[in-house]
Amino acid sequence: MIRFALTAAFAALVALPVQADVDIQEITSPGGITAWLVEAPEIPIVSLELRFKGGASLDAPGKTGAINLMAGLLEEGAGDLDARGFAKARDAMAASFSFDVSRDAMSVSAQFLTETQDAAVDLLHMALVDPKFEDAALERVRSQVMSSLRSDLKDPDTIAARAFRELAFPDHPYGLPTEGTLETVEALTRDDLLSAKARVMARDRLVVSAVGDIDAETLGALLDKLVDGLPETGAPMPQDVIYDLAGGVQVVPFDTPQSVAIFGQRGIKRDDPDFFAAFILNSVVGAGGLTSRLMEEVREKRGLTYGVYSYLASFDHAEIIMGQVASANDRVAEAVDVIRAEWAKAASKGLSAEELERAKTYLTGAYPLRFDGNGRIANILAGMQLDGLGLDYIATRNDKVRAVTLEDVNRVAAELLDPENLFFVVVGQPEGLESTN
Amino acid sequence: MPRFIRQCLKALACAPFMALPALADEVTSFTLDNGMDVVVIEDHRAPVVVHMVWYRAGAADEPPGKSGIAHFTEHLMFKGTEAFPGGAFGDIVEANGGSDNAFTSWDYTGYFQRVAADRLALMMEMESDRMTGLTLTDEDVLPERNVVLEERNQRTENSPGALFGEQRLAAQYLNHPYSIPIIGWKSEIESLNREDALAFYRAKYAPNNAILVVAGDVEPQEVKALADTYYGGIPANPDLAPRARPQEPPQLAERRIAFSDPRVSQPYVSRSYLAPERDPGDQETSAALVYLAAILGGEGATSVLGEKLEFEQKSAIYSAAFYDGTRLDDTTFNLIVVPAEGVGLQVIEDAMDAVIADFMETGIDEELFESLKMQLRASAIYEKDSIQGLARKYGEALTSGLTVQDVQAWPDVLQAVTREDVMAAAEMIFDRNKAVTGWLQRAESVEVTQ
C-alpha cells in the first residue's frame with residue numbers, strides 16, 4: 001500500500017508532460033518518392049532509413065532465407081566494386097550502411113556526414129540497384145549464414161522462437177524462419193537472389209525517413225538518385241492469417257540448465273479501435289521494467305526469473321500477444337503457473353483505477369523522451385509509416401492514451417485475455433511440465 | 001563509379017582532404033566539497049536529461065571469496081530506503097514517465113534515469129537518498145539472490161560461449177581480480193547474504209567515491225546548485241580505502257585452454273594478450289592499440305585477418321580483433337577466428353599466427369591507416385547524436401582512473417598516432433608468454449592437437 005500512497009503524493013508534483021517537438025515535413029521528390037524529413041542542423045550528419053514492406057515473408061515457396069541472404073550480399077560487391085572495394089570506398093568517407101530483414105520489412109539504414117552525402121548516396125545506390133551476387137561473395141556469406149543457422153539449432157531462445165512460430169502459423173510464411181534453414185540456404189542460387197531482390201526491393205512498398213543536417217530539396221534530389229533503377233512493383237503481399245492455437249504446453253527437450261518458455265495467445269490489430277486499451281492493459285500486466293504484474297509476481301516476490309515480459313505482437317498479417325520467461329529447470333513449472341494465474345486474474349478482474357492512472361502517467365510522460373537523437377527519430381518515423389500512422393500521430397498519440405477509460409480497458413481485458421488458450425513452448429529439461437498433446 | 005570515390009581510391013588516401021568540423025563536447029566539470037565529482041554535458045536538442053551516478057566500485061573491488069557482491073549490491077539498491085521504501089524509487093521514476101536501470105562492471109557500478117529535464121531535482125533527491133540510506137531485510141535479499149542466480153543461468157550457464165569466456169579470463173589473470181566473472185562464480189553467489197551486501201555498500205558507496213554525470217537539456221549552474229542541495233550534504237567517508245588491487249606479476253608462461261560442450265555448434269579459436277590500458281596523461285600506447293585492433297580485425301573486408309583468412313585463403317568465415325583500453329588496470333588485446341567448415345582449430349590457429357607474423361614483416365597499408373584515422377575523427381561527430389552514449393563515455397573513463405582532460409584529449413591523441421607507433425605497440429603486445437589461447441569445441445568430437 002505504501003507504494004501507491006507515495007505514488008499518489010508524487011503524482012501531484014507531476015506537471016503536464018512535455019510535448020514532443022518533432023517538426024516532420026512530408027516531402028515528395030521530383031521523381032515521386034515520398035519521405036518524412038526532420039531537419040536537424042546541429043550535427044553535420046544525416047540518418048536515412050528505408051523500409052521495403054513485406055520483408056522475409058515475400059520469400060518464394062521453397063526459397064526460405066533468400067531475402068535474408070540477398071540483403072547480406074548487397075555490400076559484398078556492387079557496380080564496378082568488389083566487396084573490398086566497396087568497403088574501402090564506404091570507410092574512406094566514414095559512412096555506415098546496414099541491411100536487416102524481419103518478417104514484415106526489409107530495412108536499409110544509412111548514416112553519413114553531410115559533407116560526403118552525394119558520394120555516400122551514390123555508393124548506397126550501387127548496392128541497392130546493382131549488386132553482383134558473384135560466386136565468391138555468395139559462398140562466403142552463405143557459409144556465415146549456415147554457421148549462424150547451425151548455432152541457432154543449439155540456442156534455447158531461438159529453438160523456442162522457431163518452435164512457437166511453426167506451431168502458430170503452419171501454412172503461412174510467418175511460420176518459416178526469416179534466415180531460412182540449412183537445407184534451403186544450401187540450395188539457393190544467384191538466380192534465387194536476383195529473384196528475391198525483385199520480389200521485395202520495389203518502389204511500390206518503400207517508405208523513407210531522414211533526420212539530420214539536410215533540407216527538403218537536397219533530400220529529394222538524393223532520393224531520386226538513390227532509388228533510380230529499382231523496379232516499380234514487386235511480389236504480392238502475403239495473405240492475412242488467423243492465430244488460433246488452443247491452450248497447452250509443448251516441451252522441446254534440450255539439455256541445458258535453464259528452460260526458456262515462450263507463450264502466446266491471439267492478439268489485436270494495430271488499427272483496432274481498442275488497440276490503445278490493449279496497449280495499456282499489457283503495459284500493466286507484462287511490459288516495461290520491474291513494475292509490471294508479471295515481474296512483481298514471478299521475479300520480485302518469488303525470485304523465479306531474471307526477466308519476464310509480454311508484448312502485443314501486431315504484425316501486418318496476424319496478431320498475437322506474446323511473452324517470454326526463463327527459469328531453472330526445477331522452477332520453470334512454477335513460473336508457468338504464476339503467469340497463467342496472473343493472466344486469469346487480469347482477464348476476470350481487469351485493472352484497478354489506480355493502475356490505469358499510473359500506466360497512463362507513465363506512457364504519456366515517457367513518449368516525448370523517445371525523440372532525442374537523429375538516429376532514434378529516423379527509426380521511429382520509418383516505423384510510423386509502416387504502421388500506416390499519420391503525420392499528426394506524435395501530436396495526438398498521448399490524447400489517445402488518456403482517452404482510454406477503466407470501462408474500456410476492463411472490457412478489453414475480459415474480451416481479449418484468454419487464459420484457457422494461453423500456449424507455452426518450453427525448451428529445456430523442465431521438471432513437472434509435459435507436452436499436452 | 002562516383003567520381004569522389006575513384007579519386008579516393010587513386011589518391012590512396014582521401015582522408016586528409018576532408019575538413020571535418022571539430023565539435024567540442026559542451027562539458028563542464030567540478031567537484032563538490034565532499035569530494036563527489038560532477039560532469040555536466042549540455043545537449044539542448046530535446047527536453048530530456050540523463051542522470052547517472054557512478055561508483056568507483058566494481059567486481060574487481062570485491063573482497064576475496066565474495067565474487068558477485070558488487071553486482072548483487074546493485075540489484076539490492078532497488079529494494080528501498082526509509083524515505084522511499086520498497087519499490088517507491090521505480091514507481092516514482094515511472095510516474096514521471098522516466099526509465100531507470102543500473103549496470104556493474106569490473107571497475108564501476110552505475111545507476112541512471114532518463115527523464116524529462118524538469119524532473120532532475122526529484123531524481124537527485126532519490127539517488128542521493130540511496131547513496132547511504134539503503135535498508136535491507138532477508139525478505140528482500142533471499143528472493144533477489146535467486147533472481148541473480150537466474151540471471152547467471154540466462155547469461156552464462158545456458159551459453160557455452162560465455163562459460164568459455166569466463167575460463168579464458170581466469171587463465172589470463174594470474175593475480176588480478178579481473179579473473180573473476182562480474183556476476184560472480186555460482187558457488188559464491190549462492191552464499192552471499194545481507195551482511196555481505198551491507199558491508200560492501202558501507203565501504204564503497206560514498207560521495208568521495210562517486211561521480212555524478214548529468215547529460216541533456218540542462219545548464220551547468222543549475223546542476224551545480226541541485227547537486228550541492230542533494231549530494232553536497234552527504235558527508236565523505238573518511239575511511240574510504242584506496243583502490244589497491246593485487247597486480248599482475250610478470251607473465252612468463254603461455255597458457256592454453258580447451259573447452260568442450262555438446263551445445264557448441266561452431267568451434268572457434270580465441271587469443272588474448274595482456275595489454276596496457278589508458279592511463280591519465282599517458283594514452284598514446286593505448287591509442288596505437290585501437291588502430292592495431294582495427295587494422296588486424298576491424299571491418300572484415302579490409303582488415304588484415306579478414307583479407308587473408310576470409311577472402312584469400314577462405315579458411316575462416318569470421319575474424320576479429322578488439323581492444324578496450326578504458327580500464328583501471330591491465331586490459332587485454334583479443335583475437336578471434338572462426339574456421340570454415342572442415343578446417344580444424346589447429347590449422348586455423350596456425351593460419352592466424354602466420355598472418356600476424358607476415359603483418360609484422362610487411363607493416364601497415366597507408367590507405368587503410370588514413371581511412372581509419374578519418375573514421376575515428378568522424379566517430380567523434382557521430383557519437384554526439386546520443387547523450388546517453390556521451391554520459392557513459394565520461395562515467396567509464398572517470399571510474400577507470402582517467403580525468404575529464406584525458407577524455408577530451410583522446411581524439412587528438414588518436415589523430416597523432418603514426419604507423420610506426422602501431423608497429424611498436426604490436427611488437428610489445430604479441431608476446432605468447434602473456435597470452436591465453438582458447439579452443440571452443442564440440443564435446444562429441446574433441447580434436448587432437450598434432
Side-chain angles (χ1 to χ4, degrees), chain A residues 2-3 6-7 10-11 14 17-18 42-45 79-81 83-84 87-89 91-92 94 111 113 115 118-119 122-123 140 143-144 147 150-151 153-154 156 255-258 289-291 299-306 326-328 358 361-362 364-366 369 371-375, chain B residues 1-2 4-5 8-9 14-15 18 21 23 45-48 78 85-88 90-92 94-99 114-116 122 143-147 150-151 153-154 157-158 262-263 265-266 299 301-302 307 310-311 314 317-318 338 340-341 371 374-375 378 381-382 384-387:
Chain A
I2 291 171
R3 59 193 298 180
L6 262 172
T7 306
F10 277 92
V14 176
V18 291
E42 296 89 346
I43 308 174
I45 58 176
D80 51 3
L81 295 175
R84 283 177 282 182
K88 282 180 186 175
D91 292 349
Q111 206 180 26
L113 300 164
E115 180 176 356
D118 291 316
D122 281 344
L123 190 61
R140 191 160 36 74
S143 65
Q144 292 168 341
S147 168
R150 279 190 288 268
S151 296
L153 294 176
K154 296 194 174 181
D255 193 3
T256 201
Q258 186 189 55
L290 293 173
T291 53
R299 172 175 156 148
E300 296 295 297
K301 281 191 188 160
R302 295 176 179 82
L304 292 172
T305 190
Y306 176 55
S327 300
R358 266 177 25 143
T361 311
Y362 167 66
T364 54
L369 304 187
F371 300 91
D372 74 325
N374 299 352
Chain B
M1 187 191 296
F4 171 85
I5 296 162
C8 280
L9 293 178
C14 59
M18 292 188 51
L23 298 179
R45 294 180 299 158
V48 178
F78 291 83
D91 290 344
I92 292 168
E94 193 179 282
N96 284 277
S99 57
R114 246 173 79 89
V115 284
L122 179 57
E144 197 63 27
R145 191 170 66 194
N146 284 331
V147 169
E150 290 294 353
E151 182 180 358
N153 277 340
Q154 187 172 326
E157 305 291 345
N158 258 24
R263 295 170 295 174
S265 70
Q266 176 62 68
E299 159 66 38
T302 54
E307 193 155 4
E310 297 174 46
F311 281 77
K314 300 181 169 53
I317 59 166
Y318 177 76
V338 181
E341 189 76 349
S371 173
M374 159 69 182
Q375 290 171 62
I381 297 174
Y382 286 126
K384 289 184 188 308
D385 199 31
S386 165
I387 56 169

Chain A contact via B/Glu151 - side chain, backbone, both or neither, heavy atoms under 4.5 Å: both
Could you state the interatomic distance from [atom1] ([X]) to [atom2] ([Y]), rounded to the nearest 0.5 Å?
X	Y	atom1	atom2	answer
A/Thr291	B/Asp91	OG1	CG	6.5 Å
B/Asn96	A/Thr361	CG	OG1	9.0 Å
A/Ile45	B/Lys384	CD1	NZ	10.5 Å
B/Asp385	A/Glu42	CG	CD	10.0 Å

For the residue pair [X] and [Y], what are the closest heavy atoms and their distance?
X	Y	value
B/Gln375	A/Asp91	NE2-CB, 3.1 Å
B/Val147	A/Gly303	CG2-CA, 3.7 Å
A/Ala83	B/Phe311	CB-CE2, 3.8 Å
B/Ile317	A/Ser143	CG2-OG, 3.3 Å

Would you say the side-chain atoms of [X] pair up with the backbone N or O of [Y], donor to acceptor, closer than 3.5 Å?
X	Y	value
B/Thr302	A/Lys88	no
B/Asn158	A/Pro156	no
B/Arg114	A/Leu369	yes
A/Gln258	B/Gln154	yes

Choice from B/Phe78, B/Tyr382, B/Tyr318 maximising heavy atom contacts with chain A below 4.5 Å: B/Tyr382
Heavy-atom pair count under 4.5 Å with chain A, highest-scoring of B/Ser386, B/Ala301, B/Ala46: B/Ala301
A/Arg140, part contacting chain B, at a heavy-atom distance under 4.5 Å: side chain
Set of residues satisfying side chain to side chain donor-acceptor pair (under 3.5 Å) with respect to B/Ser99, sequence neighbours excluded: none
Those residues that, when tested against A/Gln144, pass side chain to side chain donor-acceptor pair (under 3.5 Å) (two or more places apart): none
Close side-chain approach of B/Met374 to A/Leu113, heavy-atom, < 4.5 Å: yes
Distance-only polar pair, side chains of A/Ser151 and B/Gln266, donor-acceptor under 3.5 Å: no
Largest heavy-atom contact set with chain B, pairs under 4.5 Å, which of [options]:
options	value
A/Lys301, A/Glu300, A/Arg302	A/Glu300
A/Leu304, A/Asp255, A/Leu153	A/Leu304
A/Ser147, A/Ala326, A/Gly375	A/Ser147

Check ion pair B/Glu307-A/Arg84 (N to O, under 4.0 angstrom): yes
